[in-house]
Amino acid sequence: MGDSAYSFSLTTFSRTGKLLQIEYALNAVANGRTALGICAQDGVVIATDKKLPSVLVDPEHVQKIEKITPKAGFCYAGVGPDYRVLVKRSRKSSQSYLSEYGEVQPVHQLVTDTASTMQEYTQRGGVRPFGISLLVAGLDSDGKPALFQVDPSGSYFGWNATAIGKNYVSAKNFLEKRWTEDMELEDAIHTALLTLREGFEGEMTAHNIELGIVKKDGEFQVLQPSQIQDYLDEAN
Amino acid sequence: MSVMTYNGAAIIAMAGKDCVGIAADRRLGVQLTTIATDFPKIFQMQPKLFVGLAGLGTDVQTLKNLLEFRMNLYKLKEERDMSPKVLSHMLGKILYSKRFGPYFVEPIVAGLDESNKPFLSTMDLIGATSEEKDFVVSGTCTGNMFGMCESLYKPNMEAEELFETLAQALLSSVDRDAVSGWGGIVHIITKEGVLTKELKGRQD
């Protein structure tokens with residue numbers, strides 16, 4: 001990667017001062033399936049639409065929400081294969097941190113590290129930006145829950161609640177009305193499901209969505225379909 | 001001629017009740033010649049975190065600078081202090097990274113963690129770390145220091161008594177070692193702050 005004859009950057013400035021490759025990458029993100037996250041007082045939840053192109057696709061082998069450290073996980077909207085590369089890289093990098101300092105990497109450090117990689121791919125020779133926006137849910141060094149978004153440009157934002165991908169505008173409006181500062185994780189999960197359902201095409205079941213949570217003092221976990229079903233039943 | 005005894009050093013750290021103490025001699029020699037009697041071997045890395053470095057003088061100074069470099073970057077990035085455990089772990093990794101051309105230092109880490117609990121650790125020159133609850137020693141007269149500590153130490157000493165014990169253990173140990181001594185320095189760290197005292201011992 002990068003040791004070809006392309007020692008010049010493929011992402012170059014336009015006359016108006018834009019990096020068009022990044023804009024186009026953001027378009028790829030906006031076409032991706034919706035992902036959203038909500039940060040509560042005692043934890044964070046991230047959720048995504050896992051709608052598969054055909055009933056013949058086995059949903060067991062599609063995983064969109066991934067654990068990166070015991071205290072943080074990723075979700076994305078955009079180009080799946082690009083996501084897998086980032087997940088692999090971020091996992092390795094956070095293991096190096098653990099090896100170096102004997103402590104789990106705090107979510108903020110994970111975010112800046114990942115964002116740094118994504119920025120690199122907008123400047124290094126011979127590569128293109130990642131076609132994904134990430135949602136990172138995790139616990140910081142003081143144990144407080146946090147939700148971050150990382151864009152193809154390498155910009156990152158801390159959010160109380162946000163959505164990316166298709167329908168992100170209406171999803172964010174929905175979230176804006178429902179997020180409160182004293183929200184608890186259980187409420188947040190409930191709200192996340194409602195928000196996801198708003199823009200869902202067809203019927204939302206425990207098998208065509210994914211949910212990931214991290215509780216304060218807990219570990220990041222991707223919920224099993226049976227656990228999701230319990231929440232869906234409550235919501236109905 | 002051993003590279004670890006070329007300059008001479010004696011460092012002891014002890015844990016007390018909600019406090020730690022760390023003490024070192026002050027001599028820098030070139031084999032049998034004494035060059036300085038105020039050579040620092042204990043460094044305050046943070047308000048309640050001290051590192052003692054025993055061994056070859058140049059490596060003591062270089063490693064101290066390297067540690068400071070790493071700590072400063074960590075503090076800027078993470079916006080928090082480095083805990084003693086993390087510093088100890090990192091130091092072990094730094095030493096091992098030079099496994100086949102090591103720093104000739106055997107460090108001691110002493111401090112209070114975030115909940116003001118005492119932390120003590122020591123490691124060999126290639127990073128084999130051991131965390132202890134009572135005392136740790138390093139230098140050219142570890143035999144003497146172990147003997148003194150084992151006899152004089154008792155758990156849960158208050159700051160005043162810890163100081164006396166540390167000082168006596170150090171002074172008696174260095175007196176039977178040709179290359180360490182020429183004065184001593186003791187730091188006692190409590191949650192209120194740090195008390196530092198200089199020791200006047202046999203000037204030989």
Side-chain angles (χ1 to χ4, degrees), chain A residues 39 44 68-73 86 89-120 134 136-150 154-160 214 216-220, chain B residues 45-49 51 63 66-99 102-103 107-124 126-133 136:
Chain A
C39 189
V44 203
I68 308 295
T69 75
K71 306 265 175 198
L86 260 184
R89 183 184 288 246
S90 296
R91 279 177 172 159
K92 190 167 186 194
S93 156
S94 59
Q95 279 307 120
S96 295
Y97 184 102
L98 178 63
S99 177
E100 199 63 39
Y101 299 109
E103 251 185 14
V104 172
Q105 187 177 37
V107 73
H108 185 247
Q109 304 304 316
L110 172 61
V111 166
T112 53
D113 198 65
T114 307
S116 194
T117 299
M118 290 171 83
Q119 188 283 340
E120 197 191 314
L134 278 178
V136 185
L139 301 175
D140 217 345
S141 54
D142 47 8
K144 274 177 72 183
L147 174 68
F148 290 93
Q149 173 183 344
V150 193
S155 319
Y156 65 90
F157 318 92
W159 290 100
N160 291 321
V214 59
K216 218 173 178 171
D217 307 325
E219 263 205 31
F220 184 85
Chain B
M45 307 303 295
Q46 266 170 196
K48 296 190 191 139
L49 181 48
V51 174
L63 204 52
L66 181 55
L67 270 182
E68 215 166 69
F69 171 86
R70 293 289 304 266
M71 275 196 76
N72 286 343
L73 277 180
Y74 180 96
K75 284 161 82 148
L76 283 168
K77 274 194 82 172
E78 307 244 343
E79 293 176 9
R80 60 176 172 147
D81 279 352
M82 198 181 251
S83 68
K85 204 148 114 79
V86 169
L87 177 68
S88 179
H89 187 106
M90 186 182 77
L91 183 47
K93 287 226 59 181
I94 290 175
L95 293 175
Y96 194 85
S97 73
K98 299 273 193 210
R99 172 68 175 76
Y103 289 113
I108 283 180
V109 176
L112 298 176
D113 70 13
E114 293 96 356
S115 35
N116 286 320
K117 211 165 109 274
F119 178 91
L120 290 177
S121 80
T122 186
M123 54 203 90
D124 70 5
I126 44 176
T129 312
S130 85
E131 245 178 79
E132 304 295 339
K133 292 199 175 60
V136 289

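FYI, side chains are in, hydrogens and waters are out, and symmetry mates aren't considered; it's all heavy atoms of this structure. We name chains A, B, ... by the order of the sequence lines, and we start the count at 1 in each one.
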Check your understanding: Taking every heavy-atom pair that is under 4.5 Å apart, which of B/Lys85, B/Glu78, B/Met82 has the most such pairs with chain A?
Key -> B/Glu78

Practice item. With a 4.5 angstrom heavy-atom cut-off, could you sort out which part of B/Ser88 is near chain A: side chain, backbone, both or neither? Key: neither

Point to revise | Flag if over 12 foreign heavy atoms under 6.0 Å of NZ, B/Lys75 | key: yes

Practice item. Kindly check if the number of other-residue, nucleotide or ligand heavy atoms within 6.0 Å of OH (A/Tyr97) is above 12? Key: yes

Point to revise | Least distance between heavy atoms, A/Leu98 atom then B/His89 atom | key: O-NE2, 4.0 Å

Check your understanding: Are there more than 12 heavy atoms of other residues, nucleotides or ligands under 6.0 Å from atom CD of B/Glu79?
Key -> no

Practice item. Under 4.5 Å heavy-atom distance to chain A, tell me which part of B/Lys93 shows up: side chain, backbone, both or neither. Key: side chain

Exercise for review: With rounding to the nearest 0.5 Å, note down the distance linking NZ in B/Lys77 to CG in A/Asp113.
Suggested key: 6.0 Å

Exercise for review: Below 4.5 Å from any heavy atom of chain B, which atoms of A/Gln109 appear? Answer side chain, backbone, both or neither.
Suggested key: side chain

